[in-house]
Each structure stands twice: as structure tokens, then as C-alpha cells.
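Some notes on the structure that comes next.
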Amino acid sequence: MSRYAALKEEAWKANCALPGTGLVLHTFGNVSAIDRNEGAVAIKPSGVPYAGLRIEDIVVVDLENKLLEGSLKPSSDVKTHLLLYRTFPKIGGIVHTHSRYATAWAQAIRPIPVFGTTHADFCPGEIPCTKVIADAAIRRDYEEETGKQITSAFRSRSYEETPMVLVACHGPFAWGKSAEEALYHAVMLEEIAHIALLTLQVNPRTPRLKKTLLQKHFQRKHGPDAYYGQMQAGTKGGKQ
Ligand SMILES: [Zn+2]
């Protein structure tokens, strides 16, 4: 029995759930999960269709991308995932997709403004978009530098409060305490991106959500006195 069996199963389940969310086509996208005690990250293998993905196909690496278990090559985005795990110590899972609406905002190099309470339920401000990666960074180590683009966007905001980002010209990443929660956030990011675009189509001059409403919605789900749903106070990621 593999010492990473539970971790691999968590990553496998979340990867298998990804196509059903409508966020990915073909082999696009990847989910990873981390076991902080083992210093091990389980991730989808590169280029394997979701339909035939088996638990034993899941690749396990350490935080420096040394292979711990598996016979396939890890996702080509593995170094981005590893940099995020090293920099954001409380995340347990990461999802990367090229989901349609979030990718449209990323390609437009636009953060998603807060227009309504659906967004405010998940993030206390705009969903950030990274800077466009520099040529030197592309040449150096593209995937690791993509991770740095993401962490730079969080220098003045909390990665726990805003568990999602747009990578400029590329697409979205989302994370959470587990791979399952990361997937939930990836789905919400796509929904928020879609609604924001429709909002601007209805009225290109839609004002930003006012601060009092924004704070009310974010705090009632995530603040110290959170009272939304059946979850305990202070927990994040409650279901609708
Ligand atoms: Zn990508």
C-alpha cells in the first residue's frame, strides 16, 4: 500500500470531477493536492485524458519537484503548483483550468470587479489579474515564474480571503484547504466571471458594489462572527 494512497485518491477524485464541472476540454486543466506532513504533492499526469485516468496514474512529487511516486510525467504546470504551495502555507489543493469566462477576463488582462453579492460571498474585493509575464521570465523557467506572477499579485491581499486569480493572457487558478474546496472555488470563479461579463453587457457603466453590501456579504460567510449556512464560525468555503 502506497504511503501516499489517501493523497493520490484526493487528487484523483478532484481531477475526475473536473470534466463534469464544464471547466475543461480534452486534457486541459489539472488539480493537485498536498500532504503537508509528508511534504508530498499529488498531481495529474501530463496529457492523460480524464476519462481513462486511474489512481495509479497520479504522480507524487516533493515540494522541489523530485519524483516520489509514479511512472508518468507530472502535469507541465507542476512547478506553478509547487511555488504556490511553498508560498501559501495554508492551501491544500490547487485547480488550474482554461475555463471560458475566467480565461476571457485573463486574456483581456482585467481583474474582475465586484458588481454584486455573489462575488462578495467569496472574495472581499476584485479578483486580481497578474501582470503579463516578462520575456526574461519566460526564458528562465516559465512555469515557476508563472507562480511568481501569481504570488506577486497577493503581496497586498490575503490568499485565504481571495482563493482565486487570473494569470494574464492565460487563465485562472483557484485554491482551497483541499482539492475539493479548490474545485468549488474554480467553479465559483467561472460563475463570477460569467455574471460580471453579462452585467457589463446589460450596463457597461454598472457601478461597483457599495462597500457596506460587500462587507456584509463577505463577513457573514467568512468573518469572525460568520453566521451563514450550517458551518462553524470562521470557516471558509460554505456551500450555497
Ligand atoms: Zn494553462
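Each ligand, and each atom within it, is numbered from 1 in the order the structure gives. Note: hydrogens, waters and symmetry copies are ignored here, and every other heavy atom, side chains too, is used. Numbers for residues simply follow the sequence, beginning at 1.
For the ring-ring contact (aromatic ring centres under 6.0 Å, His included) criterion with F154, the lone passing option out of F173, Y159, F88 is F88.
Among residues two or more places apart in sequence or in another chain, the ring pair (Phe, Tyr, Trp, His ring centres under 6.0 Å) test is passed with W105 by none.
For the residue pair S32 / Y85, a side-chain donor-acceptor distance below 3.5 Å is found, with atom types taken as modelled.
Less than 2.8 Å away from the Zn ion (ligand 1), the protein contributes these N/O/S atoms: H96 NE2, H98 NE2, H170 NE2.
Heavy-atom contacts from other residues, nucleotides or ligands closer than 6.0 Å to CZ of R36 number more than 12.
Atom CG of L72 and atom NZ of K44 lie 10.5 Å apart (nearest 0.5 Å).
Figure legend: K221 and F122 shown as a cation-pi pair, the cationic atom lying under 6.0 angstrom from the six-membered ring centre and within 45 degrees of its axis.
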